[in-house]
Amino acid sequence: MPANPYVDYYPLYEKLAPYTKFAVYDRFGYGYSDMTDKKRDVDTVADELHELLEVSGQKPPYVLVGHSLGSLETLRFAQKYPDEVQGIVMLDGGSPEYYANDTDDMASVIGGFMNQFRIKTGLFRLTLQSDAVLEASNANRNGLKFVPDDLKKIDTTALLLNYGNANTLDELREMTANAKVVVDNKKPFPFSLTILTADYFGTSEPIWDKTQAEFTSWSEHSKHVTVKDTEHYIHQYHPDLVANEILELVKK
């Protein structure tokens, strides 16, 4: 998940606003949110979202939209509060089965000595002053083509402030355990689940493609679409398509 979700989902706003009310939230450790001492287990994160929706005055039922690792808390929310969910849209969100068996240790990479050294000494900040480096870091988000310049600056600031912090690292460390909790509570949902999968410009991995196709088993009413000419952040490449899929569930 990007450092500032508000910026990341910006391309969808003007497409959704005329037709539905929506909310974008920052988990602890992201965007404008504070840090927390609470463990980043999936039940805690799902309950925090539920509390946030309640205190903010939002009214169910909700269409939940999850991206990447956010699939886990999205599904766990639906497991814990099924009567409050109208449907789910996954934006290249990994299946719980995929994450339960994923051997990549991103927490050790991001939280490793050399990377943390770069962050704490200011080398990371210095590196991001290079336009070429910044452009490369946004390459899989279509260069933020549909995001205005002022929000691009906010996105960079959030990256500098939040990258490699304790909450985001703990979230990565808990990934396998969180996925297993969701898998252990698996029961096909009675509401719609739309799975949008990036084609990674023809370079996606077979295991990812297989688990994305099998992700349909999580609902009695599933739809799987592979979106051509996209990287991981599908909504930054084809916001019209993503918005239409969300609105399709809103209107049900």
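- The backbone N or O of Lys38 lies less than 3.5 Å from a partner atom in the side chain of Thr36, making a donor-acceptor pair.
- To the nearest 0.5 angstrom, Ser204 atom OG is 10.0 Å from Glu231 atom CD.
- Under a hydrophobic-cluster definition in which Ile, Leu, Val, Met, Phe, Trp and Tyr are linked whenever side-chain heavy atoms come within less than 4.5 Å, directly or via other members, Leu64 and Phe191 are assigned to the same cluster.
- At distances below 3.5 Å, not a single donor-acceptor pair connects side-chain atoms of Gln236 with backbone N or O atoms of Pro11.
- Summarising the geometry, atom CD belonging to Glu97 is positioned 5.5 Å from atom OG belonging to Ser217; distances are rounded to the nearest 0.5 Å.
- Closest heavy-atom contact between Gly29 and Met35: CA-SD, 3.8 Å.
- With Thr20 contributing its side chain and Leu16 its backbone, the two residues share no donor-acceptor pair below 3.5 Å.
- Residues Lys152 and Asp149 are paired through a salt bridge, judged by an N-O separation under 4.0 Å between the basic side chain and the carboxylate.
- Without hydrogens or angle criteria, Asp170 side chain to Lys39 main chain gives no donor-acceptor distance under 3.5 Å.
- With values rounded to the nearest 0.5 angstrom, Phe215 atom CZ is found 11.5 Å from Thr194 atom OG1.
- In this structure, Thr156 OG1 and Leu144 CG are separated by 8.0 Å, a value rounded to the nearest 0.5 Å.
- No donor-acceptor pair closer than 3.5 Å links the side chain of Asp43 to the backbone N or O of Glu73.
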side-chain contact (heavy atoms from CB on, under 4.5 Å) for Lys80 and Asp47? Distances and angles first, verdict last.
CA-CA 9 Å; Lys80 300 187 75 169; Asp47 288 343; 2.9 Å; yes
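- Without hydrogens or angle criteria, Asp199 side chain to Phe201 main chain gives a donor-acceptor distance under 3.5 Å.
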Asn178 and Asp41: CA distance, side-chain angles, deciding distance, side-chain contact (heavy atoms from CB on, under 4.5 Å) verdict
CA-CA 6 Å; Asn178 285 343; Asp41 63 277; 3.9 Å; yes
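- The number of heavy atoms from other shown groups lying within 6.0 Å of CG (Asp37) does not exceed 12.
- At least one side-chain heavy atom of His224 sits under 4.5 Å from a side-chain heavy atom of Gln212.
- The closest donor-acceptor contact from the side chain of Asp92 to the backbone of Ala198 lies under 3.5 Å.
- The hydrophobic clustering, which links ILVMFWY residues whose side-chain heavy atoms are closer than 4.5 Å, places Val65 and Leu241 together.
- In this structure, the side chain of Tyr237 does not engage the main chain of Asp229 through any donor-acceptor pair within 3.5 Å.
- A heavy-atom distance below 4.5 Å is not found between the side chains of Tyr25 and Pro5.
- Donor-acceptor pairing under 3.5 Å is lacking for the side chains of Lys223 and Ser192.
- Hydrophobic clustering (ILVMFWY, side-chain heavy atoms < 4.5 Å, transitive): Tyr19 and Ile246 are in one cluster.
- Taking the six-membered ring for Trp, Tyr9 and His235 have ring centres closer than 6.0 Å.
- By the rule that hydrophobic residues join a cluster once side-chain heavy atoms approach within less than 4.5 Å of another member, Met175 and Val45 end up as members of separate clusters.
- Distance alone, capped at 3.5 Å, is enough to place a donor-acceptor pair between the His67 side chain and the His232 backbone.
- For the pair Thr211 and Ser95, the tightest heavy-atom approach, listed with the atom from each and the gap, is CB-OG, 3.8 Å.
- Taking the side chain as every heavy atom from C-beta outward, Ile207 and Lys210 never approach each other to under 4.5 Å.
- Between Arg27 and Leu49 there is no side-chain heavy-atom pair separated by less than 4.5 Å.
- In terms of hydrophobic clustering, with Ile, Leu, Val, Met, Phe, Trp and Tyr side chains grouped at heavy-atom distances under 4.5 Å, Val182 and Ile195 are assigned to a common cluster.
- Using a 4.5 Å heavy-atom cutoff, the side chains of Glu48 and Phe77 are not in contact.
- Nearest approach of Pro96 to Leu72, heavy atoms of both residues: CA-CD2, 3.9 Å.
- Counting heavy atoms from C-beta outward, Thr230 and Tyr200 have side chains that stay 4.5 Å or more apart.
- Interatomic distance, Tyr99 OH to Ser68 OG, rounded to the nearest 0.5 Å: 4.0 Å.
- Taking the six-membered ring for Trp and thresholds of 30 and 60 degrees, Tyr10 and Tyr6 have ring planes more than 60 degrees apart, a perpendicular arrangement.
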Evaluation steps, ring-ring contact (aromatic ring centres under 6.0 Å, His included), between Tyr13 and Phe22:
CA-CA 8 Å; Tyr13 299 160; Phe22 62 88; 5.3 Å; yes
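- Between atom CD1 of residue Ile88 and atom CZ of residue Phe189 there is a gap of 5.0 Å, rounded to the nearest 0.5 Å.
- Proximity of Thr168 to Phe28: side-chain heavy atoms (C-beta onward) are nowhere separated by under 4.5 Å.
- Side-chain contact check for His221 versus Leu193: every heavy-atom pair is 4.5 Å or farther apart.
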After noting the C-alpha distance and the side-chain angles of Leu91 and Val242, does the key distance pass the side-chain contact (heavy atoms from CB on, under 4.5 Å) rule?
CA-CA 8 Å; Leu91 306 179; Val242 172; 3.6 Å; yes
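- Partners of Ser33 by side-chain contact (heavy atoms from CB on, under 4.5 Å), not counting sequence neighbours, listed by chain and number: Asp26.
- Taking the side-chain contact (heavy atoms from CB on, under 4.5 Å) definition, one finds that Asp240 meets it with Lys15, sequence neighbours left out.
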Using side-chain contact (heavy atoms from CB on, under 4.5 Å), reason through Thr197 and Val225 one step at a time and then give a plain yes or no.
CA-CA 6 Å; Thr197 302; Val225 179; over 6 Å; no
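- Screening residues 50-66 for side chain to side chain donor-acceptor pair (under 3.5 Å) gives His50-Glu84 as the qualifying pairs, with residues at least two apart or on separate chains.
- Not one N or O on the side chain of Asn142 forms a donor-acceptor pair closer than 3.5 Å with the backbone of Lys145.
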